[in-house]
Engineer: 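Dumping the structure here so I can ask a few things about it.
Just so we're clear, the structure is a prediction, and the values are computed from it rather than from any experiment. Chain identifiers are assigned alphabetically (A, B, ...) following the order of the sequence lines, protein sequences preceding nucleic acid strands; residue numbering begins at 1 within each chain.
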There are 2 protein chains.
Amino acid sequence: MTKRVTIADVARQAGLSKGAVSYALNGQPGVSESTRQRVLRLALEMGWHPNSAAKALSGARSGAFGLVLARPASTLGVEPFFMRLISGMETAMASTQTALLLQVVPDHDAEIATYRRWWAERRVDGVFLIDLCVDDKRVPVLEELRLPVMVVGGPGHHGSLAGVWIDDASAMVMVVEYLAALRHRRIARVGGVPGMLHDELRSAAFDSVADRLELEWSTTIPTDYSPERGAQATRRLLSGANPPTAIIYDNDVMAVAGVSVAHEMGVQVPGDLSIMAWDDSVLCEITHPPLTAVSRDITAYGRQLAEHLLALLNGEVVTEVQDNPPRLVVRGSTARPTDHRPAAVTG
Amino acid sequence: MTKRVTIADVARQAGLSKGAVSYALNGQPGVSESTRQRVLRLALEMGWHPNSAAKALSGARSGAFGLVLARPASTLGVEPFFMRLISGMETAMASTQTALLLQVVPDHDAEIATYRRWWAERRVDGVFLIDLCVDDKRVPVLEELRLPVMVVGGPGHHGSLAGVWIDDASAMVMVVEYLAALRHRRIARVGGVPGMLHDELRSAAFDSVADRLELEWSTTIPTDYSPERGAQATRRLLSGANPPTAIIYDNDVMAVAGVSVAHEMGVQVPGDLSIMAWDDSVLCEITHPPLTAVSRDITAYGRQLAEHLLALLNGEVVTEVQDNPPRLVVRGSTARPTDHRPAAVTG
DNA sequence: CTGAAAGCGCTTACAG
DNA sequence: CTGAAAGCGCTTACAG
């Protein structure tokens with residue numbers, strides 16, 4: 001096991017040419033079924049694996065997909081989202097021996113430079129584009145490079161690139177309707193980064209449903225998804241003269257931070273304040289009270305994305321695919337608000 | 001930008017042979033300084049990047065390090081540890097254009113198969129070995145493959161492989177001494193998976209310091225690092241006749257779960273129960289009360305590991321390196337225990 | 001200091 | 001159905 005087995009070794013052992021062995025191994029026509037079986041068995045016995053560099057150089061695929069994360073290292077570890085997404089992707093990629101190349105960079109310019117380098121180096125067969133923004137400058141670059149891309153997000157705003165999206169807007173409607181049904185009339189949202197598409201979509205949906213349901217009051221406070229900013233937003237909301245009775249947080253970590261702030265300020269959850277987290281995770285289950293959350297199957301989403309990128313490489317036409325809609329998981333952090341004032345609005 | 005620039009293009013443009021250009025580009029002797037500068041400038045202008053497959057095939061490095069994570073997808077996202085480690089590694093790797101190949105597998109057998117495949121495919125120049133166990137069966141395989149390896153852990157138990165370790169044993173002594181100084185005499189530990197080296201080291205250190213300090217009582221409950229098991233262990237500990245006054249958790253997520261269980265059971269933190277988390281993270285800061293924790297600079301650790309793996313590839317001798325020791329970050333979850341019984345042990 | 005040539009291990013037309 | 005050969009884009013002895 002100290003020397004690597006090449007296709008020439010297998011060919012010699014089989015008494016065939018390298019070309020014939022290659023055809024047999026790759027399921028190409030031009031070789032009899034019995035020969036193919038014999039070669040396959042022999043390659044397995046001899047412990048042959050294709051040299052990935054040789055394979056890539058001779059025009060085949062590099063056998064890797066790329067994922068660039070342009071978030072600060074500090075934020076990265078916090079949300080379970082990424083690791084879930086990655087492990088979902090790998091589930092689908094494992095069957096085709098495709099590896100995942102991961103790169104962490106500081107910003108979108110460095111991300112674009114990475115795509116250009118990967119393209120020139122022929123490093124990857126395709127990439128996943130994450131954290132899609134409105135007017136995203138990465139999109140035209142990827143279109144120009146003609147690198148196969150699967151966008152994590154949408155709908156729309158990714159030009160001619162393919163993508164898989166989850167319907168956050170409908171989920172937001174569901175969430176607000178749920179809170180309204182509990183008789184909440186003052187609902188706040190601790191949002192994400194304006195300009196990021198999913199944040200814009202959630203904001204727009206939130207505003208429109210608040211309008212339609214004729215809520216007494218509603219507002220969105222933008223954040224950078226960090227627990228610090230989530231806590232700060234919560235303090236600001238709760239110290240107003242007429243605080244909200246429910247807050248929707250754009251991620252799990254900020255929601256947990258929100259619960260802590262409520263505790264600190266002596267605000268009862270869910271008695272005085274209902275709290276909702278957007279992405280469900282184990283964090284939502286272990287806090288006290290456990291958090292009602294919008295749950296998306298991130299692992300399945302990752303799998304979908306990888307499967308569609310593989311399909312794209314196989315020449316299938318993929319444009320915009322919708323993944324399963326989020327579900328509402330009701331736990332202990334949401335309830336009908338305690339009435340401190342005379343009922344006015346509700347009939 | 002639609003056609004990739006090769007070394008032949010650069011050579012033609014420069015009026016040199018491909019060999020000369022290669023020497024110039026790689027800083028090899030055999031080319032004048034002025035020629036080298038001219039070639040370098042030209043390559044940059046033309047947007048040349050080496051085709052990674054060609055480079056790897058002609059005997060050079062593949063330009064990638066591999067990391068296999070053999071943990072279930074469910075556990076993966078939860079601990080911020082991995083993403084921090086990874087982003088630290090990438091910091092060091094970015095300067096040498098080395099990419100990180102990430103693979104998630106179900107168990108150690110699949111992990112070993114991945115190493116064998118990567119070796120045969122010449123996919124990676126080296127790998128990081130994580131979650132080191134006592135009598136780890138991955139170690140002899142990697143020794144046999146002669147693949148450059150940097151072990152994340154130790155000390156010892158990794159044969160002839162190189163590794164970087166953090167002194168968890170001393171940290172455990174520091175932690176227990178701190179709790180003992182607060183007059184805790186009944187200390188429990190919610191540990192990790194027996195057989196994993198760092199768990200064994202922490203357990204041994206815990207037992208020995210408990211012994212030396214003549215604690216009234218001490219115990220370790222093993223878990224799988226999941227919050228469920230952490231919560232379960234906490235319930236068991238707190239419902240005993242004579243519960244501990246302090247619990248040390250082997251990760252942040254279980255510590256947070258422990259706080260929730262205490263809340264549920266009406267146990268005051270830190271009045272009735274002091275809680276300590278092993279790896280500090282933003283989770284420890286956002287809970288109420290914020291958690292006292294053992295803090296390790298995971299990003300720096302990742303950087304160290306990558307730097308040493310690069311050094312190993314450059315022919316430097318690396319055996320066993322010790323990284324900075326952990327620090328104790330005192331927050332609100334630890335305090336002197338409220339005395340419910342007549343003082344007996346302390347003078 | 002420079003150029004021509006072989007070779008890395010595959011794939012893929014092209015003849016037989 | 002099979003074999004001999006060229007080629008992918010680099011690196012690296014080997015001559016000059």
Engineer: Quick one: is dC1(D) close enough that its OP1 or OP2 comes under 4.0 Å of any side-chain N or O from Thr35(A)?
Structural biologist: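 Answer is no, no contact under 4.0 Å.
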
Engineer: How far does CZ of Arg4(B) sit from CG of Asp9(B), to the nearest 0.5 angstrom?
Structural biologist: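 Between Arg4(B) CZ and Asp9(B) CG, I get 12.5 Å after rounding to 0.5 Å.
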
Engineer: Could you check if a side-chain atom of Leu16(A) sits within less than 4.5 angstrom of a side-chain atom of Val39(A), using non-hydrogen atoms only?
Structural biologist: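 Side chain of Leu16(A) against side chain of Val39(A), heavy atoms only: contact under 4.5 Å found.
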
Engineer: Can you tell if the side chain of Leu100(B) reaches within under 4.5 Å of the side chain of Met93(B), non-hydrogen atoms only?
Structural biologist: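 A side-chain contact exists here, since the closest heavy-atom pair is under 4.5 Å.
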
Engineer: Do Asp125(A) and Pro148(A) come close enough that some side-chain heavy atom pair is under 4.5 Å?
Structural biologist: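 The answer is no, as the side chains (C-beta and beyond) never meet within the 4.5 Å cut-off.
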
Engineer: If you draw a 6.0 Å radius around CG in Asn314(B), do more than 12 non-hydrogen atoms from other residues or ligands fall strictly inside?
Structural biologist: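 Yes, enclosed.
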
Engineer: If you define the side chain from C-beta out and look only at heavy atoms, does anything of Phe65(A) sit under 4.5 Å from Leu309(A)?
Structural biologist: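 SC-SC contact between Phe65(A) and Leu309(A) confirmed.
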
Engineer: Any chance you could list the contact pattern along nucleotides 8-16 of chain C? Use B for base contacts, S for sugar-phosphate-only contacts and - for none, protein heavy atoms under 4.0 Å, 5' to 3'.
Structural biologist: BBBBBB---

Engineer: Show your working on side-chain hydrogen bond (donor to acceptor under 3.5 Å, both in side chains) between Ser160(A) and Glu143(A) and close with a plain yes or no.
Structural biologist: CA-CA 7 Å; Ser160(A) 62; Glu143(A) 287 177 326; 2.9 Å; yes

Engineer: Given Watson-Crick or G-U pairs with both distances under 3.5 Å, what dot-bracket string fits DNA chain C, with | for other-strand pairs and [ ] for crossing?
Structural biologist: |||.||||||||.|||

Engineer: Could you check whether any side-chain heavy atom of Met89(A) comes within less than 4.5 Å of a side-chain heavy atom of Leu305(A), counting everything from C-beta outward?
Structural biologist: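 A side-chain contact exists here, since the closest heavy-atom pair is under 4.5 Å.
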
